[in-house]
**Student:** 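What follows is a single structure, and I will ask about it in a moment.
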Amino acid sequence: MSKKYFFISSLLMSLTACQSTQAKQPLDATLTRINPGVITELQQAIQSAKGGALVTLADDVFTKSAVLLIDHGTGKGPDGLPIMGAHSIPSEKFLLQKAGEQCLLYYPKKERRIPLPNVECEVN
């Protein structure tokens, strides 16, 4: 009888140990506080992830949704009409996520997560 209890308690302890060592999976989140410093940090993270120039972000970015889609501007030719094919460039997608207490910017195209140390967010 005691061997049975020993086996069951060992099994339960093993399962508990496995769960506590797993890294927390990032979950979609929204901003809890936004100010010019947060906007700047997000702009720099986006630039770091995809390259190119700093993007302009709305004052309420990531406050209602964890998803940000950035459309490419449509260039115009000398005649003022859109350049052929410029409108077919797909949008860039970014996700605000939280893993443990850390907010992250996730860029699925390159499967890259950038920590945002000065950003406060909460899981949706």
**Student:** Quick one: does Gln43's side chain have a donor or acceptor within less than 3.5 Å of a partner on Leu54's backbone?
**Tutor:**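 The answer is no, because no donor-acceptor pair under 3.5 Å joins these two groups.
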**Student:** Quick check with a 6.0 Å cut-off and a 45 degree axis cone: is Arg113 positioned over the face of Tyr106's six-membered ring?
**Tutor:** yes
**Student:** Just verifying a value: how many Å separate Arg112 CZ and Lys50 NZ, rounded to the nearest 0.5 Å?
**Tutor:**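 Here the rounded value is 12.5 Å.
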**Student:** What's the shortest heavy-atom distance between Cys121 and Gln97, and which atoms?
**Tutor:**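 Here Cys121 and Gln97 meet closest at SG-O, 4.0 Å.
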**Student:** Apply side-chain contact (heavy atoms from CB on, under 4.5 Å) to Asn35 and list each qualifying residue two or more places apart in sequence or on a separate chain.
**Tutor:** Arg33, Val38
**Student:** Is any side-chain heavy atom of Glu92 less than 4.5 Å from a side-chain heavy atom of Lys109?
**Tutor:** yes
**Student:** Grab the two heavy atoms, one from Leu68 and one from Val61, that are nearest each other, plus how far apart they are.
**Tutor:**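 In this case the closest contact between Leu68 and Val61 is CD1-CG2, 4.0 Å.
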**Student:** Taking only residues at least two apart or on different chains, which pairs with a member in residues 34-66 satisfy disulfide (SG to SG under 2.5 Å)?
**Tutor:**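 Qualifying pairs, neighbours excluded: none.
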**Student:** Nearest 0.5 Å, please: how far is CG in Asn124 from CG in Leu27?
**Tutor:** 9.0 Å
**Student:** Got a sec: does the CG of Asp59 have more than 12 other heavy atoms crowding it under 6.0 Å?
**Tutor:** no
**Student:** With a 4.5 Å cut-off on side-chain heavy atoms, are Leu95 and Val67 touching?
**Tutor:** yes
**Student:** Determine yes or no for a side-chain-to-main-chain donor-acceptor pair under 3.5 angstrom, with Gln47 supplying the side chain and Gly52 the backbone.
**Tutor:**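 Checking the backbone N and O of Gly52 against the side chain of Gln47, a donor-acceptor pair under 3.5 Å is found.
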**Student:** Has Ser48 got a side-chain atom pairing as donor or acceptor with Gln44's backbone, closer than 3.5 angstrom?
**Tutor:**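 Not a single qualifying donor-acceptor pair exists.
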**Student:** Please give me the minimum heavy-atom distance between Ile114 and Ala49, naming the atom from each residue.
**Tutor:** CD1-CB, 3.6 Å
**Student:** Who pairs with Phe62 by ring pair (Phe, Tyr, Trp, His ring centres under 6.0 Å), at least two apart in sequence or on another chain?
**Tutor:**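 Scan of Phe62 (ring pair (Phe, Tyr, Trp, His ring centres under 6.0 Å), adjacent residues dropped) gives none.
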**Student:** Any link between Leu116 and Ile46 through a network of hydrophobic side chains (Ile, Leu, Val, Met, Phe, Trp, Tyr) touching at under 4.5 Å?
**Tutor:**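 Shared cluster, yes.
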**Student:** Once rounded to the nearest 0.5 Å, what's the spacing between atom CG of Leu57 and atom CD1 of Ile70?
**Tutor:** 6.0 Å
**Student:** Specify the closest pair of heavy atoms between Ala66 and Ala29, including all atoms of both residues, with the distance to one decimal.
**Tutor:**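 The pair with the smallest heavy-atom distance is CB-O, 3.1 Å.
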**Student:** Atom SG of Cys103 and atom CG of Leu31: how far apart are they, to the nearest 0.5 Å?
**Tutor:** 7.5 Å
**Student:** Just so I know, are the side chains of Pro26 and Gln102 near enough to count as touching, which here means a heavy-atom distance under 4.5 Å?
**Tutor:** no
**Student:** Would you name the heavy atoms of Leu104 and Ala99 that are closest together and state the gap between them?
**Tutor:**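 For Leu104 versus Ala99, the nearest heavy atoms are CD1-CB, 3.9 Å.
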**Student:** Please answer: with hydrophobic residues joined when any side-chain heavy atoms are less than 4.5 Å apart, are Val119 and Ile34 in the same cluster?
**Tutor:**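 Yes, same cluster.
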**Student:** For the residue pair Pro108 and Phe94, what are the closest heavy atoms and their distance?
**Tutor:**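 Minimum heavy-atom contact is CD-CA, 4.4 Å.
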